[in-house]
Amino acid sequence: MIEIDLDGQKVSVTEGSMIMHAADKAGTYIPHFCYHKKLSIAANCRMCLVDVEKAPKPMPACATPVTNGMIVRTKSDKAVKAQQSVMEFLLINHPLDCPICDQGGECQLQDLAVGYGPGASRYEEEKRVVMHKDVGPLISMEEMSRCIHCTRCVRFGQEIAGVMELGMIHRGEHSEITTVLNDTVDSELSGNMIDLCPVGALTSKPFRYSARPWELSRRKSISPHDSSGANLIVQVKNNRVMRVLPFENNDVNECWLADRDRFSYEALNSTDRLIAPMIKQGGTWKTVDWQTALEYVVRGMGDIKRDPKAIGALVSPHSTVEELFLAQKLVRALGSENIDYRLRHAEFTAGEGVRWLGTSIASLSTLQRALVIGSNLRKEHPLFALRLRGAVRTGARVSVIHDRDDDWAMSLAGKSVVPAGQWVQALADIATAIGNEKGAKAPLQGNATDGAKAMAASLLSGERKAILLGNAAAHHPAASALLSLANWIGEQTGATVGYLTEAANTVGAQLVKAMPGQGGLNAAQMLAGGLKALFLLNTEPEFDSAVGAAKLGGQGTMVVTLSPFKANLDISDVLLPIAPWTETPGTFVNAEGRVQSFHAVVKPLGETRPAWKVLRVLGNMLGLPGFEYETASEVLADARGPGDVAQALVQGSLLSNQTSKAAWLGDTDAKPVTASIYQLDSIVRRSPPLQLTADARSAHDRPAEVSA
């Protein structure tokens, strides 16, 4: 440790730190623009000039290493005059359009100009003009004349997103940030550039000119999409969600947010919202009141209740713990075990515990070795990919087994691109290579090919290691065989084994047992048709299941859809409008088993009601015991039982990725079903800006790319 004197205060920091790091530790604010704690140091803006004793001129705090005994003054006349001079230069070409700038009220340049800017400019020359650029549906670059060339956006793309989509061209006052070739910005993390921009050069295209920051209420929430459980700030005006920003949590999403989490809110006020109950009569949908709709369901269940095995429920793992708990409780109280959240799965082996990540999310940043099976990590789990990308930059080696040669935006140490039906064989090859090295017998003998040996050698080296099974591996017909082999490899190499898990509440769905019990039908069996009553909670089988919805509904079948949207119109008999995540309290359990509850941020739209309330009332009207809940917290308390979901993290005894099923060579024609990045759930599918992106427009069902 090195000790320096900072404004008369003794501060100890590690050797190699910069003055800015010491100031952060001491709680001393030094004005800056280009410096960001998560990005490399560029020292572009020079706003952080400070007075260092014995230095002939002011020094940039972000790029000046500390030395033992260094004396630094951040508020001396020398430092303040240097900062004021820099501010004067920054404002020479800046268009003074604060009254109409979208960044007004949350602009770093505006804030610092008040403290360090002159009352009037000495420069009377014409200001430069930078032409606007169209970079896609998410980011607006209409006012690039405001850019101060801090290069935060450039460094973010290069270092965090892994794709350098923006860069700086020319020199001096002709410098400008651009895509160079007039391309669009297509990164799945691109929205973070908006947050990073300290001026109004990069703004949110969907939010643009819709509200001022001081008009918005800020409310904390949790992302309802992938399994990272990203922490959010939802900004609201007049009971309408206007913008979503990241809430910093270093254990989960750090200070970043995937575009899927940031822009999906645009679907919440779409014309596709279901705002009142509807009943199909004579093939025509009619709007009715809640009492009529619920009585219709109860009457329809009258005779069906005598045959409980003909009743089932398909539920979405994007639903809250409370909703899933009441859905399974309703089905089981009716005498049925037909409930399942595993809509895209092809194998339905009963698990020996709750499938989870196998390690903490934060630990992904410090891995030295990783093997990812059946996942396009960058698109399916952008925030996990971000952490692995950071680990690779510090020397980690990541290997992949997949059926497509996707661009991971990071260097891969090994890659096996084979059809999904050959994944078990590919994993067996690695296990055999490891067995040969350690003198152990693999559970399934394979061929120790050169590629398998290289991946085996990678896993046998290093210390912190993980084997991660992706969505396609979980949906695979030979999912248990893949897990069995992964566990054996993990035991031999000291690696943790876990599932990346698909949805916001995949772990929570398992905890509340939203799966068939003894004798119950699984999702595939229910999707094959034959049930007399089927509840669809927050799901659209046509898009969310492995086989679609062609066999659901029809003569003699009552299908009840509980959804925030006008969904399943062809197969449903009743539509009940339930609240999306912004309009209901609830709880999600992310991939690492972190339990995160949230409150409603706006009032329900129209006649929409929280799903837990709808399920509770249905239970009461059907005369079922145990549905006397007044609040969502009471439902959660019942769902978690004695200590099940009582703490911030789920008890380790409940989490297990073990399987007793032996490894076997599965179906060689296997084609696991996975959703593309902007088709994951009903909300994302209906977000206009996300559906205009390159990822949404590209064919997500393109043929698998396989190596010879």
Side-chain angles (χ1 to χ4, degrees), residues 358-359 364 366-378 385 388-389 391-470 472-473 476 478-500 657 659 662-666 668 670 672 704-708:
T359 184
L364 297 178
T366 60
L367 288 177
Q368 294 179 342
R369 302 289 184 268
L371 172 62
V372 183
I373 306 158
S375 175
N376 180 2
L377 190 69
R378 176 183 168 189
L388 271 186
R389 191 173 296 119
V392 168
R393 290 182 63 232
T394 58
R397 295 173 60 84
V398 177
S399 300
V400 178
I401 297 175
H402 200 30
D403 61 354
R404 294 204 308 264
D405 192 6
D406 297 308
D407 178 9
W408 278 42
M410 70 176 85
S411 298
L412 296 176
K415 186 188 298 183
S416 177
V417 182
V418 295
Q422 297 177 24
W423 289 353
V424 175
Q425 182 66 61
L427 211 51
D429 293 347
I430 297 173
T432 300
I434 290 172
N436 293 343
E437 285 291 322
K438 301 201 68 175
K441 185 178 180 181
L444 190 66
Q445 286 301 304
N447 303 311
T449 62
D450 290 342
K453 288 178 181 177
M455 291 189 190
S458 176
L459 287 172
L460 286 167
S461 61
E463 295 179 1
R464 297 179 297 278
K465 317 166 196 177
I467 299 173
L468 303 170
L469 296 150
H476 201 283
S480 292
L482 291 171
L483 178 58
S484 178
L485 281 166
N487 280 329
W488 187 88
I489 293 172
E491 291 169 4
Q492 298 298 317
T493 61
T496 62
V497 177
Y499 283 95
L500 293 164
N657 293 317
T659 178
W664 58 284
L665 284 173
T668 54
E705 299 174 33
V706 299
S707 58

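Counting from 1, the numbers follow the sequence of the chain as shown. Both backbone and side-chain heavy atoms feed into the values below; hydrogens, waters and symmetry mates do not. From a predicted model like this one, the values you see are computed outputs, not experimental measurements.
Atom CD of Glu437 sits in a sparse spot, with 12 or fewer heavy atoms from other residues, nucleotides or ligands closer than 6.0 Å.
Taken from OG in Ser375 to OH in Tyr499, the straight-line distance is 13.0 Å, to the nearest 0.5 Å. Note: Thr432 OG1 to Lys441 NZ = 10.5 Å, rounded to the nearest 0.5 Å. Taking CD from Gln492 and CG from Leu459, the interatomic distance works out to 11.5 Å, rounded to the nearest 0.5 Å. How far CG of Leu364 is from CG of Leu388: 5.5 Å, rounded to the nearest 0.5 Å. Interatomic distance, Arg397 CZ to Ser411 OG, rounded to the nearest 0.5 Å: 10.5 Å. To the nearest 0.5 angstrom, Leu485 atom CG is 14.0 Å from Trp423 atom CH2.
In terms of heavy atoms, Ser416 sits closest to Ala426 at OG-CB, 4.1 Å. Minimum heavy-atom separation, Asp405 to Lys415: OD1-NZ, 2.7 Å. The two residues Ala473 and Ala479 come nearest to each other via the heavy atoms O-CB, 3.4 Å. Across every non-hydrogen atom of Ala495 and Ile467, the tightest pair is CB-CG1, 4.1 Å. The shortest non-hydrogen separation linking Gly470 to Leu500 is CA-CD1, 3.8 Å. Here the closest heavy-atom approach between residue Gly498 and residue Asn657 is recorded as CA-ND2, 3.4 Å.
At least one side-chain heavy atom of Ile430 sits less than 4.5 Å from a side-chain heavy atom of Ile401. Taking 4.5 Å as the limit, every side-chain heavy atom of Trp488 sits out of range of all side-chain heavy atoms of Leu444. Between Asp406 and Arg378, every side-chain heavy-atom pair lies at or beyond the 4.5 Å cut-off.
Counting only N and O atoms by type, the side chains of Asn487 and Glu491 include no donor and acceptor under 3.5 Å apart.
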Can you give me every donor-acceptor pair (side chain of residues 367-374, partner residue at least two apart or in another chain, under 3.5 Å) with its distance?
{"unit_1": "Gln368", "atom_1": "OE1", "unit_2": "Glu463", "atom_2": "N", "d": "2.6"}
{"unit_1": "Arg369", "atom_1": "NE", "unit_2": "Ser458", "atom_2": "O", "d": "3.1"}
{"unit_1": "Arg369", "atom_1": "NE", "unit_2": "Ser461", "atom_2": "OG", "d": "2.9"}
{"unit_1": "Arg369", "atom_1": "NH2", "unit_2": "Ser461", "atom_2": "OG", "d": "3.3"}

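Of the possible donor and acceptor atoms, none in the side chain of Asn447 sits under 3.5 Å from a partner among the backbone N and O of Asp429. Side chain of Ser484 to main chain of Ser480: no donor-acceptor pair is present (N/O by atom type, distance under 3.5 Å, no hydrogens or angles).
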Side chain to side chain contact (heavy atoms under 4.5 Å, CB included) assessment of Lys438 paired with Leu460: CA-CA 9 Å; Lys438 301 201 68 175; Leu460 286 167; 3.8 Å; yes

